[in-house]
Amino acid sequence: MTGVDSAWQLLRQGLALADADVAAGRAELLAALARFTPVDPAEPIGRLLAGAALVQCIGIADDDYTGFEDAVAAVAAAVPALDTIDDPADLLLARAGALVAGWFRALDDPTLPKLAEAIVRTLADASIAAPVRARAGLAALGYHQARLSLDNVLWIELAIRPVLAEPGIGARLADEWHHALVQCFWECGARERAEALRAERSIEGGGLRPEIALKLLLLDAQVALGEGRPESGLAALARSMPLLDARAPRAASWWHLLRSRLHLMQGQHRDALTHARLSLRLAQESHVPERWMGVTVMQEGQVQLAIGAPAEAVPFFVRAGAASSGAQADYCWCLAHFARALAAFDAGRIDAGRETLGLGFGLARQLQWQSFLRALPKVAASLCALALEHGVEEAFVREVIAARGLEAVRRDLAAWPWPIRIATLGAFRIELNGAELVFRGKAAKKPLELLQFVIASSGSDVSTDTATFALWPDLDGDKARAALTIALHRLRKLLGHDDAVLLELGRLGLNGRLLWVDCLAFEQLVDSTGGPAAAPSPAAIGAAQRAVELYRGAFLHSSQEHVWQMVCRTRLASKFKRMVALLVGHAVASGQPRAARTLLERALELDPLAEETARELMRILIDLGEHAAALAVFERCRDAIFEGLGARPSAATLALLAPLRS
């Protein structure tokens, strides 16, 4: 027997075994492919059929991918031989293999839709053995699943029903079809159809082979975790654990991947990292092609982001992107850009961070990918916050925040789309979803005073007894508490959210998910700068700059004077002066006296009585040689002090006059 004859014999043996059980016959098919290859180009049809059978059987069983990429290469090289095949069964086999190989190499290949259509239309040809048609149908189903084409999935489901009813279909192949359809409908968004199919076959009843029951349980876990139901995901993983087999590392890889996702949702980052690494190791042991390991490879990247190590996450997203193609690669590169941006901002490289953040959100917008980093909402919110702060893809970012209900990770960020925004520095103003709230009549007086008092008391953990004493000093205990209850009810209605102001165990507080208050954001920024330092960090300088931008005037400047208002006003004014002093010192040390001048001039506009600020501005102007401007500053300060306090400037201020007048 010649080498070609033995190759054909092995091919037919392998196909016969695959007809009986899709997981069988791969050894014979691998041997046939190896024997056909050396006689190139004598038997292109044999190589095409052997490779086509291998890519189908390996892909359907989804357990051991040994030889898969060699088979893809053989099919791709022998595709021109398709036109020379006369036997309908061989032609269908070859078309299905060409579809899988083509979709593996480039999902957007324009020749693939017609190839898939030809396969589906051949499913009704009863002259071809039912197992051959069923395997080919799974190839078409997998292609349309990858493209998320629900209409085509429904079309294939209808076409395959009579095929699966034929007596030649083995139990393994029928079960694989059941699992594949359930997964297709889930991924294509047809939840009700997926649930109905899933209910048709009971895992507990023993009607499914163990390997298929395992696949369905892992799918249950995947769906539950994707929907944010960790308890259900944990239950499905627990039920699937006894079905794991060391001889099938592919399924074990998926189990550990889902376990990593579960730990990530639960904030157990060390365990999430352990399972992510084990998942990747097992995927490599099962010889899954690198191109199809993107989700597994990127899992450790996501865990590294959760840990707060974006630089360590970058290589995993880059690896997945380099191995993928088309839109799949774009998703990977999008995450790589996000990780690089976070690493750049962490390192203080603002320009680089802004640039890579723009690349990431630009790709996300093109893909209309609002659910990026779904398992990491805090990281996604941090990326959105940085984008809004630096003017990157703001319209799309706001869509993402609204669609996902992301919570702000920084209370200082004024650009975040807060439902309720309250201004207290300078004029008092409330905005509800971007529209200014207009106050009419006296009904809102006490509710607004209650809001202002809670804000003045740092916005959280405010005793109701303290609030009633400050706002209703003339009422006794029960009446004061009743007045507080009424005012709180009216305030919540005024703000349009019953949970805008929280009351728990006798303590009042603002809901940080709903409200942004300028003075609270200002104080948070000031506090983040730390204490006095010889050389403040870039982060401290940035926080001080944002704090100064927020300060538009004294706390409740035009409101009725109350002791609690004055205490808060004095505290905030003192912090503003400290931030001005920090920034002025930094500007002078950096050789930027004119920037210091601009800052001091703004500070004096907001507080004309700040004599120390006036003196510092005079010194800057004197150093710049602008004596007339320095003298004008003194005169304005002198007049403000006399009109506001009936006093004269201090000796330290007067001492600066001598060089000016001379």
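Note that these values count all heavy atoms, side chains included, but never hydrogens, waters or copies made by symmetry. All residue numbers in this chain count up from 1 along the given sequence.
Scored by the side chain to side chain contact (heavy atoms under 4.5 Å, CB included) test, H263 finds R259, Q266, Q268, D271, A272, H275 as partners (sequence neighbours excluded). Applying the side chain to side chain contact (heavy atoms under 4.5 Å, CB included) rule to S590 yields the partners H586, Q592; only residues at least two apart in sequence or on another chain are considered.
Within the 4.5 Å cutoff, the side chain of R597 has heavy atoms near those of the E601 side chain. For the pair H390 and F345, the minimum side-chain heavy-atom distance is below 4.5 Å. Using a 4.5 Å heavy-atom threshold, the side chains of Q370 and F396 count as touching. Using a 4.5 Å heavy-atom cutoff, the side chains of R571 and E523 are in contact. Looking at heavy atoms from C-beta onward, T529 lies out of side-chain contact with P536 at the 4.5 angstrom threshold.
A distance of 6.0 Å or more separates the ring centres of F469 and F453.
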Residues 470-482, side-chain donor-acceptor partners within the protein, below 3.5 Å, at least two apart:
residue, atom, partner, partner atom, Å
D476, OD1, K479, N, 3.2
D478, OD1, R481, NH2, 2.6

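The pair D412-R546 counts as a salt bridge, with a side-chain nitrogen and a carboxylate oxygen less than 4.0 angstrom apart. Salt-bridge annotation for E605 and R602: absent, with no side-chain N of the basic residue lying under 4.0 Å from a carboxylate O of the acidic one. Salt-bridge formation is detected for the pair R507/D461: a Lys NZ or Arg NE/NH1/NH2 atom is positioned less than 4.0 Å from an Asp or Glu carboxylate oxygen. With salt bridges taken as basic N to acidic carboxylate O contacts below 4.0 Å, none links K577 and E616.
Environment of CZ in R410: crowded, with over 12 heavy atoms of neighbouring residues, nucleotides or ligands closer than 6.0 Å.
Using cut-offs of 30° and 60° on the angle between ring planes, the pair F372 and F338 is tilted.
Defined by atom type and a distance below 3.5 Å, a donor-acceptor pair is present between the side-chain atoms of S650 and E611.
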